[in-house]
Structures are given as structure tokens and as C-alpha cells.
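Just the heavy atoms: all of them, side chains too, but no hydrogens, waters or symmetry mates, feed the values below. Every chain is numbered from 1 and lettered A, B, ... according to where its sequence line falls, protein lines coming before strand lines.
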2 protein chains.
Amino acid sequence: MKKKLTINDIAAQANVSKTTVSRFLNHKYDNMSEATKNKIAQTIEASGYQPNRQAQTLKTASTHTIGVSVADLSNLYTSRLLKGISTFLHQTKYQMIIMDADNNLQREQNNLQVLLNENIDGLIIQPLAHHPDNYQIIQDNALPTIQVDRYVEPFTWPAVVSDNFQKSVEVAQLLEKNNFKHVIIISNSITGISSRMNRVQGITSHLQSIDISYELLEIENSNDWQIQLQFKIKESSKKVAIYALNSQVLWPIMRVLKASNLKVPQDVGVIGFNDDDLADLVAPGITAIEQQPILIGETATQQLIDNLNQHKSNTDITRIKSKIEIRNSL
Amino acid sequence: MKKKLTINDIAAQANVSKTTVSRFLNHKYDNMSEATKNKIAQTIEASGYQPNRQAQTLKTASTHTIGVSVADLSNLYTSRLLKGISTFLHQTKYQMIIMDADNNLQREQNNLQVLLNENIDGLIIQPLAHHPDNYQIIQDNALPTIQVDRYVEPFTWPAVVSDNFQKSVEVAQLLEKNNFKHVIIISNSITGISSRMNRVQGITSHLQSIDISYELLEIENSNDWQIQLQFKIKESSKKVAIYALNSQVLWPIMRVLKASNLKVPQDVGVIGFNDDDLADLVAPGITAIEQQPILIGETATQQLIDNLNQHKSNTDITRIKSKIEIRNSL
DNA sequence: CTGAAAGCGCTAACAG
DNA sequence: CTGTTAGCGCTTTCAG
């Protein structure tokens with residue numbers, strides 16, 4: 001193992017003081033002779049010296065690390081969000097520390113405390129809770145923060161999310177056009193999750209205005225939702241469609257329909273959010289909303305870094321466009 | 001914003017020296033009076049003091065951070081691997097810094113350098129390259145390392161991977177049982193990726209022994225693989241099956257079959273790795289190999305941490321069992 | 001144009 | 001049982 005070199009070693013080898021080396025490292029060439037500059041450059045090059053990040057941090061109080069708190073690490077939406085963040089960060093001097101809240105409020109709190117202890121320069125959070133009071137700790141530490149996918153209310157930090165409301169209005173219009181008369185909106189827990197709430201608000205606002213009936217099925221609150229769903233569809237006298245608020249419910253729904261021999265779209269229409277890119281392969285081809293999680297991640301990261309660098313300080317909600325892919329399930 | 005407290009503040013408030021506070025922080029109660037212990041505990045509790053990690057690190061040369069280098073951040077396999085790592089780490093004092101190589105060797109090298117600069121205590125790597133020489137930098141720094149999903153050869157660091165060879169032998173047996181006479185093995189680039197190489201070796205070793213013909217189609221080397229594939233299937237006089245070495249090729253293959261009206265399993269059998277959990281929903285239900293990436297992540301992390309703590313120092317390849325789910329595509 | 005010296009917050013001899 | 005002191009590797013006044 002190579003012995004770790006320090007700034008002192010370089011200073012000694014280059015016959016200058018460590019102050020000068022430090023200046024070189026930080027590109028403060030204001031008044032530095034070409035000679036010394038070259039000499040230092042050479043010895044650093046030759047030795048492969050790398051400054052110690054922790055020592056720099058201790059002195060400058062900037063870790064060049066940003067924290068990322070995600071709701072659940074193990075799904076493709078998250079994965080792509082992270083890809084976007086990583087892609088943007090790659091061209092900066094920042095690293096990321098990712099923490100998984102695992103959909104657990106207590107764990108999310110712990111994670112934030114850990115991130116704070118790490119002295120992160122900024123935070124990207126996909127919040128589990130809906131009220132900023134849950135994140136007092138962020139405010140107390142005046143931590144530069146940006147939200148992704150969801151946001152707390154009242155408004156506290158900028159956010160980058162999908163165009164959930166607007167796209168859900170379009171879903172309603174599409175259902176109307178296809179003559180559906182009743183809509184079952186299905187989601188896992190909605191309470192406090194702005195993206196899902198916005199989706200419900202979007203579709204219901206339009207359905208109400210055109211007199212199409214609807215109901216909400218929150219499947220985390222029920223153990224027999226599969227039975228209920230079959231029953232609702234089979235007993236309905238109206239032409240019924242399902243709006244699945246995310247892929248975590250869309251695929252289980254498709255399994256239920258398949259198992260109970262309900263044909264799509266003959267017996268029931270289906271539209272939902274497709275986070276796995278396989279909606280085209282699931283028979284009969286599911287009409288689905290495609291979000292842009294990578295772009296959300298990139299955009300959020302850019303805004304956060306810009307904010308840290310004082311280039312500007314965005315404080316708004318940015319809505320990233322998603323797209324409805326028409327297939328054969330309506 | 002609360003002013004950041006230091007160990008000096010606590011020492012002053014508790015009327016002890018900072019040494020004593022430090023000892024308390026590090027649970028060195030050997031000879032500490034209950035009185036001071038309580039006093040310190042109280043003032044820390046009351047003030048919400050949290051020690052500065054960078055300062056601790058500078059002194060102890062341990063960051064309690066482990067680096068994670070993944071091949072590609074944006075797929076579900078990776079996502080679950082990370083979930084496993086995160087789950088295990090959560091019960092330790094270690095944090096993780098994740099770096100995405102984005103399937104780019106140069107970028108992987110940069111990432112390793114960055115991680116080294118961060119003074120990580122250990123590394124979990126899903127290596128892009130197959131020869132340890134590519135990772136000289138890890139060896140130079142004697143960085144405790146464990147490989148996941150794939151490994152370099154000759155043997156250098158312990159690894160936790162799927163039972164790729166064994167499971168591929170079973171695939172061959174299954175194809176034999178179902179009377180297939182020709183197998184098209186399809187993958188994206190195989191060279192240097194041990195998991196894929198093991199899969200090829202596993203299936204071909206058995207096919208050879210029972211005289212079933214096979215061929216390999218590496219779709220990263222060809223732009224017209226879709227055409228080729230159709231042609232091979234339609235022109236074959238034998239009963240042919242496809243073995244898709246991962247989901248990134250499995251789903252595109254299914255799209256081709258669908259588009260060219262080739263019926264599964266009548267015209268061609270299909271078996272492949274299912275990393276997205278949707279193999280049952282894709283008609284006619286794809287017989288697939290299910291890996292356990294979460295368990296791989298957990299196991300690898302445990303081994304690494306055990307190694308760091310000197311509990312033991314595993315130096316072998318650990319193979320995590322996967323499972324073949326029989327459906328209707330063979 | 002460059003260096004000496006102080007100090008970031010913490011830990012670990014060593015001393016008592 | 002507890003405190004004094006030095007120092008981890010770096011940056012930053014301040015002085016020259």
C-alpha cells in the first residue's frame with residue numbers, strides 16, 4: 001500500500017511552503033511565479049498526491065456532498081431518479097449519499113439526522129410526510145433543500161415533480177372520449193402524498209364537470225380489495241374503467257383481472273402509470289402515462305447546485321411533462 | 001439556524017475537559033464517575049449536540065463510509081442490490097456513497113479515484129472489467145473490497161453472485177425435457193462479464209453432452225439482430241428455444257416475437273432472467289429465472305463489514321440461489 | 001511573490 | 001478518575 005501523501009510531503013519535495021501548495025490546489029494563482037507553479041504541478045503529478053477531503057472539509061466547512069433521501073430504494077422510478085441525480089452530479093465536484101426511508105417515517109427522520117451529521121451541503125428529498133413540521137430539523141439547520149416527486153404543504157422548498165394534475169385531467173378526457181361511464185381510481189395510500197393527491201384531484205375535477213361517476217379504492221386500507229374490485233366491475237351496469245395511480249398497483253390489478261377472467265378493454269378499461277416500461281408487453285397493451293424520472297432528477301439537482309452556487313435561487317414548483325401512450329386497454 | 005455546537009461547548013457547560021467528553025462519546029466509561037457521566041449525558045441531551053464526523057475522521061482515519069460502485073444505476077436489479085446493501089448498513093454505523101459507472105470503464109475508474117479520495121473504509125463493486133489489473137488502484141490502496149453480481153479473474157477479492165452456472169445447467173435440462181432441439185442464447189455484450197459467461201458455460205456444457213445444438217447471439221454487436229432472430233426461427237427445421245441472459249434482452253426479444261407474429265411457445269420457446277417481476281404478465285407467461293439481488297446485497301455487505309471488523313475474513317465466492325419459475329413459454 | 005502560524009473539532013498518549 | 005497537550009491535513013489571515 002502506498003503511504004498516503006500529505007500536503008507537507010509535496011511542499012518538502014517541491015521546496016515551497018505548504019501554503020503555496022494549498023494555493024496551487026485551490027487555483028489561487030494570482031501572484032504565483034510560473035516556476036513554482038510548474039514545480040508544484042510536476043511533483044503532484046509525479047507523486048499522484050490527492051488532498052485529504054476530510055481535512056479540507058474541517059477547514060472550509062463544505063463537504064461537497066449532497067444527501068438524497070428517497071421513499072423506497074427498490075423500484076424503477078427511484079432508480080431512474082437517482083440516475084438523473086448521478087448524471088448531473090457527475091459533472092460537478094459533488095458526491096451523493098443516498099438514504100432509503102423504506103416508506104417509514106421514523107427511519108426517514110433518522111436518515112435526515114445522519115445526513116446532517118455528515119454535514120451535507122444540500123438535500124434532495126422525496127418526502128414521506130406532507131407537512132413541513134415533519135421536517136423541522138431541515139429548517140433548524142437552514143439546509144438548502146429541493147423536493148422531488150412530491151412536496152410538502154404549505155409551500156416551503158422548491159420542488160420538481162410530474163405534471164400529475166394536468167395529465168390526470170387528460171386521462172379523464174380520454175375516458176370520456178371512449179365512453180366510459182364509471183371510473184375506479186386505485187392507489188396505495190394516498191394521504192399526504194402530493195403526487196397521488198394531485199392525480200386524484202386532476203381526474204375527479206374533470207369527471208365531475210362531465211357527470212361521470214367515480215370512486216376511490218385505497219388498497220393499503222383493505223385486505224380484500226381484489227374481491228371488491230372484481231365485484232364492482234362485474235356488478236356495474238355502466239361501462240367501467242380503472243385508473244391506476246402507479247405501477248405498484250397497476251400490475252397487481254392486471255393480475256386480478258387475469259385471474260378473474262375479466263377482459264381488457266371489453267369488460268373493463270385500464271389506464272395507469274407505467275414506471276417499468278413494460279406496459280406495451282402486457283396484454284392487450286396498456287394505455288399508460290410515462291413520466292420522466294431521470295429528467296426530474298437532473299432538473300432538481302441542477303436547481304439545488306445552482307442554489308448552492310448562488311447563481312440563482314429558484315423557489316417554485318417545476319412540473320416535468322409526462323406523456324400518455326395510447327395502446328389497447330381503453 | 002442553530003449554531004453548531006462543538007465538543008468544547010459541551011465540555012464548558014458540563015464543567016469537564018473535552019477529553020472527558022470525548023471519552024464519553026466513545027463509550028470509554030472504564031473509570032468515569034457516575035456523576036460526570038450523567039452530567040455529560042444531560043448536557044448533550046439538552047443541547048442536541050452531535051459530534052462533527054469530519055473531525056473524527058481526520059483523527060481516527062476511519063470515515064465509516066463504504067463506497068458502492070454499480071455498473072448501471074437505472075435498472076431494477078441494481079436497485080434491489082442497493083436495497084439489500086442499504087438494509088444491512090442501516091443497522092451499522094456505516095454510510096454508503098453510491099457511484100454509477102454507467103457501463104463506462106473510464107467513468108468507473110474516475111469513480112474509484114473519487115471514492116478513494118473520500119477515504120472510504122471499504123468497497124462494494126459490480127465490476128465492469130474482468131481482469132484485476134483494471135483495478136490496480138484498489139490493490140495499491142489495500143482497500144477492503146467485495147464484488148457483487150460478477151467477479152474478476154484470476155481470483156482477487158471475495159464475491160457474492162447468483163448461481164449462474166448451475167441454474168443454466170437446469171435450464172438446459174428443462175429445454176431437453178421439453179424436446180427443444182436448438183437453442184439460441186441471446187445476450188448483450190458477454191465479454192468479461194462473469195455472470196453472463198457463467199450462464200453461457202452452464203447451458204452449453206449440458207447441451208453439448210446431450211447433443212442439442214445451440215448458437216450465441218450477442219446483440220450489442222449487431223444492428224439487425226431482430227431480423228436475424230426472426231430468420232433463424234422461421235428457417236429452422238428443429239424445435240427452437242431462446243435463452244435470454246437478462247431482462248434487458250428478454251423484453252426486446254418478446255417485442256420482436258410479437259411484432260413478427262411468432263407464437264410462444266408454439267413457434268419458439270422462451271426462457272430468460274426476470275429482473276422486473278412481470279414475467280407472469282407477459283403473454284403467455286414467461287418461464288423465468290428469478291434472482292435474489294436484495295439478498296446478494298445484504299450478504300455482500302455483511303461480509304465486507306465483518307471483514308472490516310476482523311470478525312472473519314471471507315475470501316470465497318458465495319453463490320446465492322435463484323429459482324426457475326415455470327410458466328407457459330416452453 | 002511566498003511563508004509562518006493559528007486553528008477547524010476531535011482523539012489519544014501521557015501525566016497526575 | 002480526569003485534565004494537559006499534541007497533532008490529524010488542510011486553509012487562511014497576516015506579515016514580509
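Val68(B) pairs with exactly one of Leu82(B), Leu81(B), Leu123(B) by the side chain to side chain contact (heavy atoms under 4.5 Å, CB included) rule, that one being Leu82(B).
Residue Asn15(B) is the one, among Asn15(B) and Asn52(A), whose nearest nucleotide of DNA chain D lies closer to the 5' end (criterion: closest heavy atom).
At the phosphate of dG3(C), OP1 or OP2 sits under 4.0 Å from a side-chain N or O atom of Thr20(A).
Contacts of Thr36(B) with the nucleic acid, taken as non-hydrogen atoms under 4.0 Å apart, involve only primed sugar atoms and P, OP1 or OP2. Within the 4.0 angstrom heavy-atom criterion, only backbone atoms of the sugar-phosphate kind lie near Tyr49(B); the bases stay farther away.
For residues 36-46 of chain A, the pairs satisfying salt bridge (charged side-chain N to carboxylate O under 4.0 Å, His left out) are Glu34(A)-Lys37(A), with sequence neighbours left out. Sequence neighbours left out, the pairs with a member in residues 82-95 of chain B that pass salt bridge (charged side-chain N to carboxylate O under 4.0 Å, His left out) are Asp72(A)-Lys83(B), Asp100(A)-Lys83(B), Asp102(A)-Lys83(B).
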- [ ] If a protein heavy atom is under 4.0 Å from the base, mark B; if only from the sugar-phosphate, S; if neither, -; do that for nucleotides 11-16 of chain C going 5' to 3'.
- [x] BBB---
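Annotation: salt bridge (charged side-chain N to carboxylate O under 4.0 Å, His left out) contacts of Arg80(A) (sequence neighbours excluded): Asp277(A). When the salt bridge (charged side-chain N to carboxylate O under 4.0 Å, His left out) test is applied to Arg53(A), the partners found at least two apart in sequence or on another chain are Glu118(B).
The CD atom of Gln56(B) sits 9.5 Å away from atom OG of Ser62(B), with the distance rounded to the nearest 0.5 Å.
When DNA chain D is scanned in the 5' to 3' direction for atoms under 4.0 Å from non-hydrogen atoms of chain B, the outermost contacting nucleotides are dC1(D) to dG9(D).
When the P atom of dG9(C) is taken as reference, atom CG of Asn119(A) falls 10 Å away, rounded to whole Å. Between the CG atom of Leu58(B) and the P atom of dG7(C) there is a distance of 17 Å, rounded to whole Å. Taking atom CE of residue Met32(A) and atom P of nucleotide dC1(C), one finds them 10 Å apart after rounding to whole Å.
Side-chain contact between Asp149(B) and Tyr77(B) is present, with heavy atoms from C-beta onward closer than 4.5 Å.
Formation of a donor-acceptor pair under 3.5 Å by the Asp121(A) side chain with backbone atoms of Thr63(A) is found in this model.
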